[in-house]
> 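To start, I am sharing the structure in question, which I have written as structure tokens.
Chain A is the first sequence line, chain B the second, and so forth, proteins listed ahead of strands; every chain is numbered from 1.
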2 protein chains.
Amino acid sequence: MARSKGVTIRDVAQRAGVSVAAVSMALNDTGTLSAATRLRIRATAEEMEYQADALARGLRGSPVGAIGLVMRSLDALSEYAPPGVDLFTRYIGAASAQAMDRGLSLMLVRDPTKRPTPPLALSLDGYIVTMPHVDDPVIDLLERRGIPYVTLGRDPSRPDFTDWATEDEISTFRRIYEHFAAAGARSIVLLRGTDPNAWNIDSEATYRAWCESVGITPRVYLSAERAGERGGEEVAQAIVDDEIPDAILCHTGRQAAGVLTGLTARGVAVPDRTLLATASDSEHTRHSRPAISAVELHAEETTLALLDLLQARIAGEPSAGPILTTGRFRVRASSRRAHTSG
Amino acid sequence: MARSKGVTIRDVAQRAGVSVAAVSMALNDTGTLSAATRLRIRATAEEMEYQADALARGLRGSPVGAIGLVMRSLDALSEYAPPGVDLFTRYIGAASAQAMDRGLSLMLVRDPTKRPTPPLALSLDGYIVTMPHVDDPVIDLLERRGIPYVTLGRDPSRPDFTDWATEDEISTFRRIYEHFAAAGARSIVLLRGTDPNAWNIDSEATYRAWCESVGITPRVYLSAERAGERGGEEVAQAIVDDEIPDAILCHTGRQAAGVLTGLTARGVAVPDRTLLATASDSEHTRHSRPAISAVELHAEETTLALLDLLQARIAGEPSAGPILTTGRFRVRASSRRAHTSG
DNA sequence: CTAAGTTGGTAAAACGTTTAATACAACGGT
DNA sequence: ACCGTTGTATTAAACGTTTTACCAACTTAG
């Protein structure tokens, strides 16, 4: 029952007939050891299967080999793992697996600004913060503590910050609007979320710019991310009450599913009367009737880029960001006009 | 950029005019301090927002406030976050959120027996191991190091071990067989996975026992979990080649989806000729045509039980396990006979 | 042949805790 | 008046690393 610690640096030193300092230097490739002793020590360490204790190492200020993942978008949701929302969990899975492949452990941290601070949270080597908010306190905390971090989606409060990656929403959004226009849509509605993150801000800006460029009057509706399908359903009613548009673009798959329900309930046919698409694929979009056109996000690509950026930043190398990956817009029945098919 | 550490125990001691030992004792409720000083120190610590550093604490052998989650079933899969497999990720999300609520951090650890050992992995306070294998090396490692752990699903190699929780598969399986029988099925096939865990072992045992009790000849087919839908499709062909059964029960939603495809391809109608159900709900089961009857698992309940067990075990309290939660069998079109409907 | 570098290594301090051993009162009992 | 107690708080050791300061033994230059 007693916690048995493994082989320590002292054991290795003793066996190799050197000081503990020598062992540390040999393994970390520091100091001024002769090549011969360095090799001898390494061999001994290898043989004894020595592995430096991350706690002790971290206490000294050296890297512990673990990074944190903060999901701002999930912090905001009431549930942490709502059914049908596979996007975030796919990010978690992908980031976790890739971190492992690099010899890093990954720790899920829920809002480290909340007290008491989650244990170990401030001792990690770095952080991935997904979808930071405007003036995000999490970012503040990390900055204050000098902890390296990268973000998924740009930080709306720090235009100069470059260590971020994202699926290239802006150009994808444009493609969708043009897809709508090509199908003959003249009035287009945007339904976005309310979290104050780049996703929502940039999307609306892109939408307005595009509307202006083609001479369409913008109509933006909001529904909180946490409202899910219900939120989409309610907004659909509001949209119909105002004026039935030719096309609607929603941010999340759950919103889109709700909108579809709402439209159908009001007798608005999709896609015959109104086209529908969403910027984020999910279970709902794949399987609703009709299936909803959506952008397929590639979590693996994005997390890979984030890990690259984070490791570079931890190593003190210059930033290679931002990195934009491209999602694929998959056209499904919800935005395919009969006479435009093919 | 320099990592700024927070307020240390020394700072608190100084401010309160006592020794560091006194502070430690006051906060941990140990030692022989007077009630007065204890309160005074606590007030000071509170005021300074002091939080003990988990690294330093762990180095001494005290709990670090973080636990590990090992997903054996995902270790086995090639991808760590395959689309459509929401069960595991829901476990991750649920466990993570609940751990947070208890002031614990949760770390995802992929196979800690693989060298190099994931950093911090052996310094965690305890582990949740999902679906341990027969003679699981992960369990061996934890036992050897004296690290407390609980398992999701019983450990097939340790019948005396009681610190586990699971959805009550056995009674659920029985209910499904009886559901089949009630719909008139006389020949029933079980399709299970190949991972050597309790899920597969107990399920087959339950199946055979039930068959014997009602005088049915058991027919068991195997398909590796990682084979997914493709595996189910292939097995469906094999099943049909042998003899078309009245009902098929699959373990995973992906297998069931594959079986459905395979049966349809061979002209076997579901549910008209053959009934179909699965023991594990997933995107596929909810949205296939026909929708597949499945057991809805309640990740939240189960992870809650696991955390209770783990915390008790860490605290050295007697085991309250095993804990069985009950999944709900949701009948969908795939096992609903026209003449039995209602 | 001595002063000044190199080379290759060691001893010891430091990181922030917890805890065992110890000190120092004040107090009661012979 | 002396001696164990008891009640409180302190000192110091320990956890396993990394890193700074130092040292001994050679080389080299003058």
> Using five base pairs at each end to define the local axes, how bent is the helix from C/dC1-D/dG30 to C/dT30-D/dA1, to the nearest 10°?
70°

> Could B/Asp101 and A/Arg110 be called an ion pair, given the rule that one side-chain N must be under 4.0 Å from one carboxylate O?
yes

> Would you say the side chain of B/Ile92 lies within less than 4.5 Å of the side chain of B/Met71, judging by non-hydrogen atoms?
yes

> Test: salt bridge (Lys or Arg N to Asp or Glu O under 4.0 Å). Region: residues 9-22 of chain B. Which pairs qualify, not counting sequence neighbours?
B/Arg15-B/Glu47

> Tell me what A/Ser34 touches on the nucleic acid: a base, only sugar-phosphate, or nothing, going by heavy atoms under 4.0 Å.
sugar-phosphate

> Using a strict 4.0 Å threshold on nitrogen-to-oxygen distance, state whether A/Arg158 and A/Asp140 make a salt bridge.
yes

> May I ask you to say whether B/Asp29 pairs ionically with B/Arg38, meaning some side-chain N is under 4.0 Å from a carboxylate O?
yes

> Would you mind reading off the distance between A/Arg38 atom CZ and C/dG9 atom P, rounded to a whole angstrom?
9 Å

> Could you check A/Thr303 against A/Gln98 for side-chain hydrogen bond (donor to acceptor under 3.5 Å, both in side chains), going step by step and ending with a plain yes or no?
CA-CA 8 Å; A/Thr303 52; A/Gln98 291 164 0; 2.7 Å; yes

> Check the phosphate of D/dA9 against B/Thr37, side-chain N and O only, distance under 4.0 Å to OP1 or OP2. Yes or no?
yes

> Looking at every heavy atom in both B/Ile9 and B/Val20, which two are closest together, and how far apart are they?
CD1-O, 3.6 Å

> Which comes earlier along DNA chain C counting from the 5' end, the contact point of A/Leu33 or that of A/Gly61, where each point is its nearest nucleotide?
A/Leu33

> Can you give one letter per nucleotide of nucleotides 16-27 of chain C, 5' to 3': B if a protein heavy atom sits under 4.0 Å from the base, S if only from the sugar-phosphate, - if neither?
BBBBB-------

> Side chains of B/Val129 and B/Arg72, heavy atoms from C-beta outward: is any pair under 4.5 Å?
yes

